[in-house]
Number of protein chains: 2
Amino acid sequence: MTEKKVNKKIPKMTIIRLARYLNCLSLLPRELYKEISSKELASKIGLKPTQVRQDFHHFGGFGQAGYRYKVDDLIKGMEEILGLDRSQNLIIVGVGHLGQALANYRKFEDLGLRLVGLFDTNPRLVGMAIRDVKVRDIDEIPDIVKSENVSIGVIATPTESAQITADLLVSSGIRGLWNFSPINILTPPDVIIQNEHLSVGLMTLSYKLKQIMSS
Amino acid sequence: MTEKKVNKKIPKMTIIRLARYLNCLSLLPRELYKEISSKELASKIGLKPTQVRQDFHHFGGFGQAGYRYKVDDLIKGMEEILGLDRSQNLIIVGVGHLGQALANYRKFEDLGLRLVGLFDTNPRLVGMAIRDVKVRDIDEIPDIVKSENVSIGVIATPTESAQITADLLVSSGIRGLWNFSPINILTPPDVIIQNEHLSVGLMTLSYKLKQIMSS
DNA sequence: TAGATTGTTAATCGATTAACAATC
DNA sequence: TAGATTGTTAATCGATTAACAATC
């Protein structure tokens with residue numbers, strides 16, 4: 001697959017599905033699944049085969065007519081597209097329960113992401129270590145960001161501190177924020193922010209529940 | 001607003017945005033915002049005013065031509081649509097860091113949801129209490145689901161136990177699952193499952209970061 | 001009236017699905 | 001060959017945006 005078609009602008013739903021494909025493939029027992037068809041992959045996620053092929057088509061396809069997809073090729077190709085091929089470093093700000101849950105999140109390594117710092121204001125937490133990563137005071141963020149070449153900052157602070165934390169991360173040079181606070185954080189336009197607004201998921205669940213109850 | 005238009009089938013993106021509107025409105029200082037225009041609301045979330053009005057239009061609208069929207073009316077109307085008006089009970093299975101983070105999640109009350117049980121298999125956790133909610137053994141799930149009329153089950157267990165936890169919750173009578181494990185859980189068709197696959201968010205963040213870096 | 005607003009229809013745009021050639 | 005598969009174009013479908021009447 002050469003760099004063809006990359007100019008055509010990829011639908012954002014395609015990217016989200018690409019992430020779901022990759023997640024699904026990475027959970028597959030590799031002995032049983034050396035190859036997979038668009039039909040099989042689609043059924044595992046609840047999509048149609050033609051959707052899978054159309055998504056892949058945006059990138060020139062990952063297979064060859066007649067053959068099924070090679071799982072290795074799919075994974076490698078998707079990792080490259082999603083920018084997971086070169087390892088990226090991240091830090092977590094806020095070492096409460098959520099921050100600790102994320103610090104123990106095994107998926108990071110699978111995705112080629114390396115946790116290089118934990119930060120909090122609470123002096124009782126500073127000095128602790130989780131999985132060999134030291135908890136530092138937030139004052140040290142700018143230094144660590146530079147020395148460790150950090151590209152992603154995770155905001156796991158209380159809501160009140162979320163905006164100021166974002167400001168600090170951005171001024172330290174970070175361009176990618178993963179935000180777990182419920183507020184809409186304001187950032188310069190060249191900063192990418194991925195909101196994990198849990199209440200949105202919970203509300204849509206409530207809506208769907210209401211639907212099936214009343215039908 | 002009478003029950004008109006409810007048959008027209010609502011786009012699922014509209015529901016997601018409805019949740020975002022409600023989240024945004026609930027965070028507003030109520031003294032300053034007794035009323036709000038579609039333009040203001042849209043700009044806070046990064047949408048166009050006409051999108052907001054079209055979304056509202058699916059439900060017959062929340063205002064009156066010439067006037068701006070009354071924030072109270074918006075909140076009340078959206079809560080009703082999303083099924084947040086009558087209080088629902090939920091339980092959390094898995095009291096690790098993530099489970100504890102969720103147990104302390106203040107948003108539940110705001111959304112009219114009441115946490116009525118925490119469950120784990122670890123005997124060292126059973127007997128503890130978080131915010132006055134006791135941690136019980138998972139054997140007690142069926143009883144509590146019935147006695148407390150639980151409608152939502154949160155899966156915050158390790159990946160290995162996620163499917164079996166879902167099975168237990170479903171067989172206990174729960175129809176709504178909020179899943180934080182990375183796997184795609186299999187359920188009967190009448191069960192609603194809301195996946196909170198964190199790796200998907202992280203991967204799309206990585207993709208967008210790669211885009212701005214290379215442009 | 002002039003300006004600002006919502007509700008609602010129509011036009012545009014984009015995304016999903018269907019169909020099928022090419023390949024094994 | 002027959003059956004199954006992917007890649008690719010075209011058709012369908014749905015969602016967003018634009019335009020504007022109605023209202024304050």
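We name chains A, B, ... by the order of the sequence lines, and we start the count at 1 in each one.
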Any side-chain heavy atom of [X] within less than 4.5 Å of one from [Y]?
X      : Y      : answer
A/I75  : A/L22  : yes
A/F180 : A/I92  : no
B/T159 : A/R106 : no
A/L177 : A/V170 : yes
B/H197 : B/N184 : yes
B/I10  : A/Y207 : yes
A/Q163 : A/S181 : no
B/I130 : B/L115 : no

Round to the nearest Å and state the distance from [X] atom [atom1] to [N] atom [atom2].
X     : N      : atom1 : atom2 : answer
A/Y69 : C/dT23 : OH    : P     : 16 Å
A/R68 : D/dT5  : CZ    : P     : 7 Å
A/F62 : D/dT8  : CZ    : C1'   : 16 Å
A/E40 : D/dT5  : CD    : C1'   : 11 Å
B/Y67 : C/dG3  : OH    : C1'   : 16 Å
B/F59 : C/dT6  : CZ    : P     : 17 Å
B/K39 : C/dG7  : NZ    : P     : 17 Å
B/E35 : D/dC24 : CD    : C1'   : 12 Å

Per B/H57 side chain, nearest of listed nucleotides C/dT23, D/dC20, C/dT9: C/dT9
Minimum-distance nucleotide (side-chain atoms of B/Q64 versus D/dC20, D/dT5, D/dT23):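 The answer is D/dT23, which lies nearest to the side chain.
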Between A/F62 and A/F56, ring centroids under 6.0 Å: yes
Members of residues 20-31 of chain A that approach DNA chain C, where some heavy atom sits under 4.0 Å away: none
Sugar-phosphate, base or nothing in reach of B/F56, heavy atoms under 4.0 Å: nothing
Ring geometry between A/Y105 and A/W178 (parallel below 30°, tilted from 30 to 60°, perpendicular above 60°):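 Judged by the thresholds at 30° and 60°, the geometry between A/W178 and A/Y105 is tilted.
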Under the 3.5 Å Watson-Crick or G-U criterion, the dot-bracket string of DNA chain C, with | for inter-strand pairs: ..||||||||||||||||||||||
Where protein sits on nucleotides 10-18 of chain C, one letter per nucleotide: B base, S sugar-phosphate only, - none, heavy atoms under 4.0 Å: B----SSBB
Residues A/N104 and A/Q100: side-chain donor-acceptor under 3.5 angstrom: no
